[in-house]
Amino acid sequence: MPAVSLDQIISLCKRRGFIFPGSEIYGGLQGAYDFGPLGVELKNNLINDWWRSNVYERDDMEGIDASILMNRLVWKYSGHEETFNDPLVDCRNCKSRWRADHIKDKCPNCGSTDLTEPRPFNMMFKTQVGPVADSGSFAYLRPETAQGIFANFSNVLATTSRKLPFGIAQVGKAFRNEINPRNFLFRVREFEQMEIEFFVMPGSDETWHERWLEARLAWWESIGVRRERISIYDVPADELAHYSKRTYDLMYDYPSIGVQEIEGIANRTDYDLGSHSKDQASLGLTARVNLNEDSTARLTYFDHESKRHLVPYVIEPSAGVGRCVLAVLCEAYDEEQIKAPSAERLQSVADALSAFLKSAGKSEKIRPEQRDALIAQGQSLADALAERLPEVETLLAMPGADEIELGKKLRGQAQPILDEHYRTVLHLRPRLAPVKVAVFPLKRNHEQIVATAKQIRRQLQAESGVRTVYDDSGAIGKLYRRQDEIGTPYCITVDFDTLGEGKAPGHAGTVTVRDRDTMAQERVPIGELQTYLREKLR
RNA sequence: GCGGGCGUAGCUCAGUGGUAGAGCAUCUGCCUUCCAAGCAGAUGGUCGCGCGUUCGAAUCGCGUCGCCCGCUCCA
């Protein structure tokens, strides 16, 4: 059973060290999250995969890493100073808040004209540069990494002798002062972008836009995000960003929060390179740019065929790393039944469930439509509790469910049975898994078994470079499940047979390798482990 | 930002004015143990934070921070 609520993912992330709320010891900071020991591995693996697939496996791409702080004029001419700046007004009567440019003198909600003066709200974070804090000494934290690429267009062109079409890729942090960060990694104030600016001949932009759409869809599929969970949103003209002629948003169907953007693929035309150029009138620009009196450069490309300088068009595939991590986790998440719970124990959950539903039916704290949805869901669950036990959590995650006091009791009844009869497993692609291999001793107080297991672990990590961990803090079944939960593809167990002390003398010098997805085991000679795993982990 | 709900041990929760609890997890021993429940012991919380009411506050009031839901906002 795949993830049905974001809470399941959030809980796993916190519990196992993928992602923590930022600054938690001081009560947290809204819209900031920290990646833990496993999270950083997963995130780095994703970024590396993106880089490999977009930079190394193509012939038309270079990479850069630009600074986060840039001259303020970058943001003046990119249009962000103007467009990332929304004047807001509050209605004193009904307490609603609106964008001043979206309403006329009257609150659309209650019709009141008792509005506050418009107050500017800038999405860009400001910081002071240098020791003197006067009005001219500030810079913005970049709201997108893209401008670092545009600003370096001529540098890259001059140092690499690239011909159109070619692209520049970059991964880095960006910052937006979101009014209301929400939904875990989905909307945060500090995030990482994986961006490509792909420069093409004007006129070929539409073809390249389509090609990139296909290329990006293929990448998402290659990291385990099923095609049928992604939809393409052709952004209507009135919703386009100020720099875009056309944009395809790739939308992923997240649990709890529904269909949301995971990547934007925009046709930015000649807007950015043109905006940052001097002598704009002579460049034959098609985009409407602001007059630039500060730039010292023409960001143009000399086309040898037509013998003229031109401003390339730009296709920009831009994905958020956090949203990507989240989507990959949601896709990989699974709860599987290992063995059937006894009728007696199921009955205790069934009783708690029916008490919960009775209480929900009488509750006046929740809205009728929420109550009806809860009861409908609960009843269908009650009819097939044996097969659908994990959905108790789903039920309790529904809007309004936490208003019902008996919910905690229901969870308390279901939890121990779930722990024992189900496993949580992340079916991550092996190359994305934070840990590739775990090594266990079958018995943790047998000196020789422990020593052999530790030796195997050391050797594998040192010689093959794959992330390998050792664990002996529990019975073997518990160790397997612990690794399942973080998506470790292979577990190696050293047992008595390995030492030649078991019932199968022929197995001396071999260990069992257990597959995460099938739970099947295979005996492999210790000396062949490295080759065996290299093959499997590819 | 508004409205509603929530915040007690790493996790799930009990505790409604009188000395902070349980189960699981973790750690240390013991056990020939391949798919989470063996045995014994131990660690761990100024009850989100602050102020107030009270002889006394996890419990009551106010404020604040964070999270969740719905609006709003936002790519």
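Only a predicted model underlies this, so the values are computations on that prediction, with no experimental measurement involved. All values below come from the heavy atoms of this structure, side chains included, with hydrogens, waters and symmetry mates left out.
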Between C34(B), A75(B), U33(B), spot the one nearest the side chain of R176(A), thanks.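 In terms of side-chain proximity for R176(A), the closest of C34(B), A75(B), U33(B) is A75(B).
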Between the base of C68(B) and the side chain of R182(A), is there a donor and acceptor pair under 3.5 angstrom?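 Per atom types, no contact qualifies.
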I'd like to know if Q260(A) reaches the base of A75(B) with its side chain, counting only an N/O donor and acceptor under 3.5 Å.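 Counting by modelled atom types and ignoring angles, no donor-acceptor contact under 3.5 Å is found here.
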So which protein N/O to nucleotides 22-32 of chain B N/O distances come out below 3.5 Å?
{"residue": "A25(B)", "atom": "OP1", "partner": "K478(A)", "partner atom": "NZ", "Å": "3.0"}
{"residue": "U26(B)", "atom": "OP1", "partner": "R482(A)", "partner atom": "NH2", "Å": "2.4"}
{"residue": "C31(B)", "atom": "OP2", "partner": "N445(A)", "partner atom": "ND2", "Å": "2.9"}
{"residue": "U32(B)", "atom": "OP2", "partner": "K443(A)", "partner atom": "NZ", "Å": "3.0"}

Give the rounded distance in Å between these two atoms: CZ of R16(A) and P of G10(B).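 So the CZ-P distance, R16(A) to G10(B), works out to 17 Å.
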How close or far is atom C1' of C68(B) from atom CD of Q30(A), stated in whole angstroms?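 To the nearest whole Å, that distance equals 12 Å.
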Relative to Y470(A), does R457(A) satisfy both conditions: NZ or CZ under 6.0 angstrom from the six-membered ring centre, and within 45 degrees of the ring's axis?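 The answer is no, since R457(A) fails at least one limit relative to Y470(A).
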Once you apply the 3.5 Å cut-off to both distances, tell me the Watson-Crick or G-U wobble partner of G23(B), or none.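 C11(B) - that is the nucleotide pairing with G23(B), both distances being under 3.5 Å.
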Looking only at side chains, do W220(A) and E263(A) share a donor and an acceptor under 3.5 Å apart?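 Present: a donor and an acceptor within the cut-off.
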Testing R514(A), K503(A), R523(A) for salt bridge (Lys or Arg N to Asp or Glu O under 4.0 Å) with D495(A), which one passes?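 Considering R514(A), K503(A), R523(A), a salt bridge (Lys or Arg N to Asp or Glu O under 4.0 Å) with D495(A) is found only for R523(A).
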Only counting residues at least two apart or in another chain, list the ones meeting side-chain contact (heavy atoms from CB on, under 4.5 Å) with P37(A).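 Once residues adjacent in sequence are excluded, the partners of P37(A) under the side-chain contact (heavy atoms from CB on, under 4.5 Å) criterion are F20(A).
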By side-chain contact (heavy atoms from CB on, under 4.5 Å) - contacts of S275(A) (at least two apart):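 S275(A): side-chain contact (heavy atoms from CB on, under 4.5 Å) contacts with Y271(A), V289(A).
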Could you walk me through whether E485(A) and R482(A) pass salt bridge (charged side-chain N to carboxylate O under 4.0 Å, His left out), step by step? CA-CA 5 Å; E485(A) 207 176 33; R482(A) 212 179 266 165; over 6 Å; no
